[in-house]
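Written below as structure tokens is the structure these notes are about.
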Amino acid sequence: MAYGDGTDDTALKTAWDSFCEQLKHAGMSAFKDANPSNPLQRADAFRFLTQSLGQAFDLALETRDPAFPQIHRFTTPTMKLGGDLADFTYRQAWISGDHVYRLSGKRGTARWLNVTVQGPRPEKIPGTQWPSLHEPFGDIPEANLFGHQIETDADGRFEVTIGGPAREKNWLPTTPDTRKLFIREAFDAFGETPTTLTIERTGMATPRPLPSPAQMAEAMGWAGNFVTGLMRDWPEHAWLTSRGVCDPASLNMFPPDKAANDASDAKRGRMAAHMVWHLEPDEALIVEMDWPEQAPEQAGGGFWLFGMGGALMGSMDFLHRPVSYTPARTKVDEDGVVRLVLSHRDSGVHNWLDTQGFSDGNLTYRNLMSQQPATFRTRRVKAADLPNHLPPTTAKVTPDERAALLLERYRAIKLRFGL
């Protein structure tokens, strides 16, 4: 095979060789200290990388041109992110303050929706010396609309204008620094349906140009930085920089002094808390939270969620396993306490969180449309002694009932993602 002697061939080969080296380097992060050395979690780290590799060039090239916008889905049952939550969906579109866009769709029945215009991505997190999270994250929210603020017709259809002159309703402003539209939707009861979305730039009249060699080489560089960045940053970046994420120094607990709950979180429509956990094969962890009273501001669709993640903070297998809970799917004990049980084998407790056999992982809490913090209590116990540490009336399930719950989950997640 002969390469041409032109500069384009040389640039493409150089860019490709560099991308392959970056991918190789990214894979070595599977062996870092933050990822436990057991076989399941070593393999899971490579799975995290290969799942992300599957979207690298969609982000770097196929959806990158803001003059020809497309909505990209970040997460599915087979594609995860660091810090994603099982009962969220995450979508984005590259946009620019130079254009005006029309976002249209039909509201589903999911309880919560947030559409955010994201601005510049500083080299360092504002007010700190810490570097921003890897691309395409770390950018600053500029403006947002919650689902209850979007006016629809009788059938739930809507249009939102992004950019251009101000409008009385269904409008999001942009700035010269605008670069992205970030869309998150959260689901409570199984069977809730997603909001369908499509985006177009006003005035589109010609086909999108094909990528040039220079654009292809640039995309290879972006994709290489993406895969190395995500393997480098998760989970350590969150440990060091996130107000709502604790590190292994506070193992098996939600530290009361760590919560993501400031003005930027309010714009995102949530507060967050986090726990890093470790369990031996014969152990279980009980997590307790007093059933929260719904605050008045939660009328906009707010509710709380718990979701399990692996060592690199990607969500666990939410298609097949009980790794997340929300109010509609949680049993509350007679004393008004929500009790979740993390264990390696089915505990028979209704609110069981499956560890997937991982020795270490993360449990994330979100409270949407509320800044009210929750109080958590945790107890690590021997799995065999678990019944002695729970109220006698804690809801239990039989194997047949568990199988029915898993099938309900499987069907609901497929509905959510159109699978």
(request) Give a yes-or-no answer on whether the side chains of D87 and S324 include a donor-acceptor pair shorter than 3.5 Å. (result) yes
(request) Taking all non-hydrogen atoms of both residues into account, name the closest pair between P327 and W291 and its distance. (result) CB-CH2, 3.8 Å
(request) Starting from the C-alpha separation in whole Å, work towards a yes-or-no answer on side-chain contact (heavy atoms from CB on, under 4.5 Å) for H72 and W94. (result) CA-CA 9 Å; H72 170 80; W94 295 113; over 6 Å; no
(request) Check whether any side-chain heavy atom of R366 lies under 4.5 Å from a side-chain heavy atom of L85, and answer yes or no. (result) yes
(request) Could you give me the CA-CA distance, side-chain angles and deciding distance for N252 and H278, then say whether side chain to side chain donor-acceptor pair (under 3.5 Å) is met? (result) CA-CA 7 Å; N252 295 330; H278 169 83; over 6 Å; no
(message) Please find the pair of heavy atoms, one from A45 and one from N35, that lie closest to each other, and give the distance.
(response) CB-ND2, 3.5 Å
(request) Compare all side-chain heavy atoms of V341 with those of N351 and state whether any distance is below 4.5 angstrom. (result) no
(request) Keeping the roles fixed (side chain from Q41, backbone from D360), state whether a donor-acceptor pair exists under 3.5 Å. (result) yes
(request) Would you give the length of the straight line joining atom CD1 of I150 to atom CG of L113, rounded to the nearest 0.5 angstrom? (result) 5.0 Å
(request) Tell me whether the centres of the aromatic rings in F88 and Y90 are closer together than 6.0 Å. (result) yes
(message) Could you report the tightest heavy-atom contact between R201 and A67, atom names first, then the distance?
(response) NE-O, 2.5 Å
(request) Anything under 30° is parallel, anything over 60° is perpendicular, the rest tilted; go ahead and classify F137 against H134. (result) perpendicular
(message) Atom NZ of residue position K331 - does it have more than 12 heavy atoms of other residues, nucleotides or ligands inside 6.0 Å?
(response) no
(message) Tell me whether R329 forms a cation-pi arrangement with F190, defined as NZ or CZ under 6.0 Å from the six-membered ring centre and within 45 degrees of its axis.
(response) yes
(message) Tell me if a side-chain donor or acceptor on K180 pairs with a main-chain N or O of Q92 at a distance below 3.5 Å.
(response) no
(request) Check whether any side-chain heavy atom of R111 sits under 4.5 Å from a side-chain heavy atom of F187, and report yes or no. (result) no
(message) Quick check against the 3.5 Å criterion: does E288 have a side-chain atom that pairs as donor or acceptor with the backbone of V338?
(response) no
(request) Check the surroundings of atom CZ in R379: do more than 12 heavy atoms from other residues, nucleotides or ligands lie under 6.0 Å from it? (result) yes
(request) Check step by step if side-chain contact (heavy atoms from CB on, under 4.5 Å) holds for I286 and L390. (result) CA-CA 9 Å; I286 302 169; L390 297 172; 3.9 Å; yes
(message) Does this structure show an ion pair linking R402 with D346, if we count only N-O contacts that are shorter than 4.0 Å?
(response) yes
(message) Please tell me whether S315 and D84 have a donor and an acceptor in their side chains that are separated by less than 3.5 angstrom.
(response) yes
(message) Determine whether a donor-acceptor pair (N or O, by modelled atom type, separation under 3.5 Å) exists between the side chain of D153 and the backbone of G156.
(response) yes
(request) Evaluate the side-chain proximity of D139 to R179: yes if any heavy-atom separation is below 4.5 Å, no if none is. (result) yes
(request) Working to the nearest 0.5 Å, report the span between CG of N114 and CD of Q149. (result) 8.5 Å
(message) Holding to side-chain contact (heavy atoms from CB on, under 4.5 Å), I want the full list of residues that pass it with T193, two or more places apart in sequence or in another chain.
(response) T109, L415
(request) Would you check, one step at a time, whether the test side-chain contact (heavy atoms from CB on, under 4.5 Å) holds for V117 with I162? (result) CA-CA 8 Å; V117 171; I162 301 163; 4.3 Å; yes
(request) State, with a plain yes or no, whether a side-chain heavy atom of L230 is found less than 4.5 Å away from one of F48. (result) yes
(message) If you count heavy atoms of other groups shown closer than 6.0 angstrom to CG of L407, is the number above 12?
(response) yes
(message) According to side chain to side chain donor-acceptor pair (under 3.5 Å), who are the partners of T152, at least two apart in sequence or on a separate chain?
(response) none
(request) State whether a side-chain donor-acceptor pair under 3.5 Å links T63 with D58. (result) no
(message) Quick test of your reading of the model: are D9 and K13 salt-bridged, counting only N-O distances below 4.0 Å?
(response) no
(message) Check whether S343 reaches the backbone of R345 with its side chain - one donor and one acceptor, N or O, closer than 3.5 Å.
(response) yes
(message) For the CG atom of D233 and the CG atom of L312, what is their distance to the nearest 0.5 Å?
(response) 10.5 Å
(request) Classify the side-chain pair E142/T174 by whether it contains a donor and acceptor separated by less than 3.5 Å. (result) no
Cut-off 3.5 Å, no hydrogens considered: what does the side-chain donor-acceptor table look like for residues 18-30, sequence neighbours left out?
unit_1: Q22; atom_1: NE2; unit_2: N225; atom_2: OD1; d: 2.9

(request) Establish, for the pair R107 and F158, whether the NZ or CZ atom is under 6.0 angstrom from the six-membered ring centre and no further than 45 degrees off its axis. (result) no
(message) Quick check against the 3.5 Å criterion: does S96 have a side-chain atom that pairs as donor or acceptor with the backbone of H99?
(response) no
(request) Show your working on side-chain contact (heavy atoms from CB on, under 4.5 Å) between Q55 and F226 and close with a plain yes or no. (result) CA-CA 10 Å; Q55 64 177 320; F226 171 64; 4.3 Å; yes
(message) Is there a side-chain contact between Q70 and R208 in this structure, where contact means two heavy atoms from C-beta onward sitting under 4.5 Å apart?
(response) yes
(request) Mark yes or no for whether Y365, through its side chain, and F376, through its backbone, hold a donor-acceptor pair below 3.5 Å. (result) no
(request) Of all the heavy-atom pairs spanning L353 and V323, show the shortest one and how long it is. (result) CD2-C, 3.5 Å
(request) Answer with yes or no whether the side chains of T326 and W304 bring together a donor and an acceptor at under 3.5 Å. (result) no
(request) Mind checking the CG-CG spacing from L419 to L319? Nearest 0.5 Å is all I need. (result) 7.5 Å
(message) When you measure from the side chain of R380 to the backbone of L285, do you find a donor-acceptor pair of N or O atoms at a distance under 3.5 Å?
(response) no
(message) Is it the case that over 12 heavy atoms from other parts of the model lie below 6.0 angstrom from the CZ atom of R377?
(response) yes
(message) Do W277 and M308 have side chains that approach each other closer than 4.5 Å (heavy atoms only, starting at C-beta)?
(response) yes
(message) Could you check whether any side-chain N or O of T198 sits under 3.5 Å from a backbone N or O of S104, counting only pairs where one atom can act as donor and the other as acceptor?
(response) no
(message) Going by ring pair (Phe, Tyr, Trp, His ring centres under 6.0 Å), name the pairs with one or both residues in residues 320-351, residues two or more places apart or in two chains.
(response) H320-Y410
(message) Just to verify, what does T14 make a side chain to side chain donor-acceptor pair (under 3.5 Å) with, not counting sequence neighbours?
(response) none
(request) Please round to the nearest 0.5 Å and tell me the distance separating atom CG of L172 and atom CG of L103. (result) 8.5 Å
(message) Could you check whether any side-chain heavy atom of T355 comes within less than 4.5 Å of a side-chain heavy atom of L279, counting everything from C-beta outward?
(response) yes
(message) Closer than 3.5 angstrom, by distance alone: can the side chain of E185 be matched with the main-chain N or O of T195 as a donor-acceptor pair?
(response) yes
(message) Ignoring hydrogens, what is the shortest heavy-atom contact between F57 and A219? Give both atom names and the distance.
(response) CE2-O, 3.9 Å
(message) Using a 6.0 Å distance limit plus a 45 degree cone around the ring axis, check whether R91 lies over the aromatic ring of F74.
(response) no
(message) Using every non-hydrogen atom in the two residues, find where S132 and G138 come nearest and quote the distance to one decimal.
(response) OG-O, 4.1 Å
(request) Determine, stepwise, if the pair E236 / K32 fulfils salt bridge (charged side-chain N to carboxylate O under 4.0 Å, His left out). (result) CA-CA 11 Å; E236 296 93 336; K32 62 184 176 179; 2.9 Å; yes
(message) Run the side chain to side chain donor-acceptor pair (under 3.5 Å) test against Q129 and tell me which residues pass, sequence neighbours left out.
(response) K124
(message) Could you check whether S359 and N38, counting side-chain N and O atoms only, form a donor-acceptor pair closer than 3.5 Å?
(response) yes
